[in-house]
Amino acid sequence: MTFRWVQQLKRTLDADARARTREIQQNPYCRLQTAEDVALAVDLGLFIDANRAAVDDWLRLPYLSIHQARQLVALRQAGVMFYSLDDLSAGIGVSSHALQPFAALIQFQYYAADDCDIAGLDPNYAPVAVLAQLPGVGEGTARAIVAERQTRPFSNLADLQRRLALPRATVNQLLPYLRF
């Protein structure tokens, strides 16, 4: 009787493990809940590119809050490059020891400045040098954006266009790059 119960328990645990594996593999929004989930994700070949991750990517990590995920993305959009767990921990105000269990899941890819994906850039936080790289925006317009946002943040692209009197052609060029 005990042997059958143990076999049934083993089958149940195996079925649960297979279901969890499928969920982690197939659902990009699946939040990893344990160290075992993190190890399973690594075994499945999943990783988070610290320098390209979106909020949803960061939220896969256990214990990371939405605020911390947004902070990491905002820092990246502002031109900060992450090189190590220490950089990430400083960005969200936790010890690097707290991120150590996820080290195998986080990769630090390096990109040349010209190769950086600046789509999704928030002009309310980006530095002048990053803004000046946008199509249709030179050094002067980038400085104007920074000066005008000191008055109050831009709420959307139409607000930015109105306050800086940007031509329609420039706004059309900026549309795929900015996010507010």
Side-chain angles (χ1 to χ4, degrees), residues 24 26-33 41 46-96 98-99 102 105-180:
I24 290 170
Q26 296 173 354
N27 181 357
Y29 303 110
C30 177
R31 186 158 178 116
L32 305 175
Q33 298 172 355
L46 300 176
F47 68 92
I48 296 172
D49 181 346
N51 290 306
R52 294 268 170 101
V55 171
D56 289 332
D57 298 322
W58 287 118
L59 285 176
R60 291 195 85 171
L61 294 178
Y63 317 116
L64 201 72
S65 73
I66 183 82
H67 173 73
Q68 291 169 322
R70 286 180 179 157
Q71 180 66 24
L72 289 171
V73 171
L75 286 168
R76 188 58 211 114
Q77 289 172 344
V80 172
M81 185 73 92
F82 300 116
Y83 297 104
S84 67
L85 285 179
D86 291 333
D87 293 343
L88 293 177
S89 66
I92 58 175
V94 300
S95 73
S96 59
L99 295 177
F102 319 124
L105 190 61
I106 301 170
Q107 292 186 1
F108 298 91
Q109 305 290 333
Y110 304 102
Y111 303 97
D114 295 345
D115 294 341
C116 282
D117 183 11
I118 55 175
L121 184 71
D122 188 341
N124 290 309
Y125 300 101
V128 171
V130 174
L131 291 168
Q133 293 177 17
L134 293 170
V137 176
E139 185 79 23
T141 303
R143 290 188 187 285
I145 290 171
V146 171
E148 185 63 29
R149 75 183 183 204
Q150 300 303 319
T151 307
R152 73 178 187 284
F154 297 104
S155 58
N156 54 41
L157 189 56
D159 183 35
L160 184 120
Q161 178 186 23
R162 182 184 52 75
R163 289 167 52 190
L164 295 175
L166 295 174
R168 182 179 304 145
T170 301
V171 173
N172 284 337
Q173 287 178 307
L174 291 175
L175 188 60
Y177 294 97
L178 299 182
R179 191 187 73 195
F180 296 82

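These figures come from a predicted structure and were not determined experimentally.
Under the side chain to side chain contact (heavy atoms under 4.5 Å, CB included) criterion, I66 pairs with V55, L59, R70, sequence neighbours left out. Residues satisfying the side chain to side chain contact (heavy atoms under 4.5 Å, CB included) criterion with I24, sequence neighbours excluded, are R20, C30, L32, D37, L40, A41, L44, L46, R60. A search for side-chain hydrogen bond (donor to acceptor under 3.5 Å, both in side chains) contacts involving Q109 returns Q107, not counting sequence neighbours. Checked against side chain to side chain contact (heavy atoms under 4.5 Å, CB included), V146 has the following partners two or more places apart in sequence or in another chain: V128, L131, R149, Q150. With sequence neighbours excluded, the residues that form a salt bridge (Lys or Arg N to Asp or Glu O under 4.0 Å) with R143 are E139. For P127, the side chain to side chain contact (heavy atoms under 4.5 Å, CB included) partners are A78, V130, not counting sequence neighbours. Residues meeting the side-chain hydrogen bond (donor to acceptor under 3.5 Å, both in side chains) test with D122, sequence neighbours left out: N124. In this structure D57 satisfies the side-chain hydrogen bond (donor to acceptor under 3.5 Å, both in side chains) test with no other residue, sequence neighbours excluded. With sequence neighbours excluded, no residue forms a side-chain hydrogen bond (donor to acceptor under 3.5 Å, both in side chains) with N172.
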* Test side-chain contact (heavy atoms from CB on, under 4.5 Å) on L121 and R179 and set out the steps. => CA-CA 6 Å; L121 184 71; R179 191 187 73 195; over 6 Å; no

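For residues 78-89, the pairs satisfying side-chain hydrogen bond (donor to acceptor under 3.5 Å, both in side chains) are D86-S96, with sequence neighbours left out. Sorted by first then second residue, the salt bridge (charged side-chain N to carboxylate O under 4.0 Å, His left out) pairs that include residues 162-177, not counting sequence neighbours, are E148-R163, D159-R162, D159-R163.
For P176 against Q173, the heavy-atom pair with the smallest separation is CD-O, 3.4 Å. For the pair I106 and A50, the tightest heavy-atom approach, listed with the atom from each and the gap, is CG2-CB, 4.0 Å.
Here the side chains of F154 and I145 are in contact, with some heavy-atom distance below 4.5 Å. Residues T141 and L166 are in side-chain contact: their nearest non-hydrogen atoms beyond the backbone lie under 4.5 Å apart. At a threshold of 4.5 Å between non-hydrogen side-chain atoms, the residues L174 and T170 count as touching. A 4.5 Å side-chain heavy-atom check between R52 and R76 finds every atom pair outside the cut-off.
Here the CG atom belonging to L61 is positioned 9.0 Å from the CG atom belonging to L88, to the nearest 0.5 angstrom. Between the CD atom in Q71 and the CD1 atom in I92 there is a gap of 9.0 Å [rounded to 0.5 Å].
A 6.0 Å sphere centred on CZ of F180 holds more than 12 heavy atoms belonging to other residues, nucleotides or ligands.
Note: W58 and F82 have perpendicular aromatic rings, judged against thresholds of 30 and 60 degrees for the angle between ring planes.
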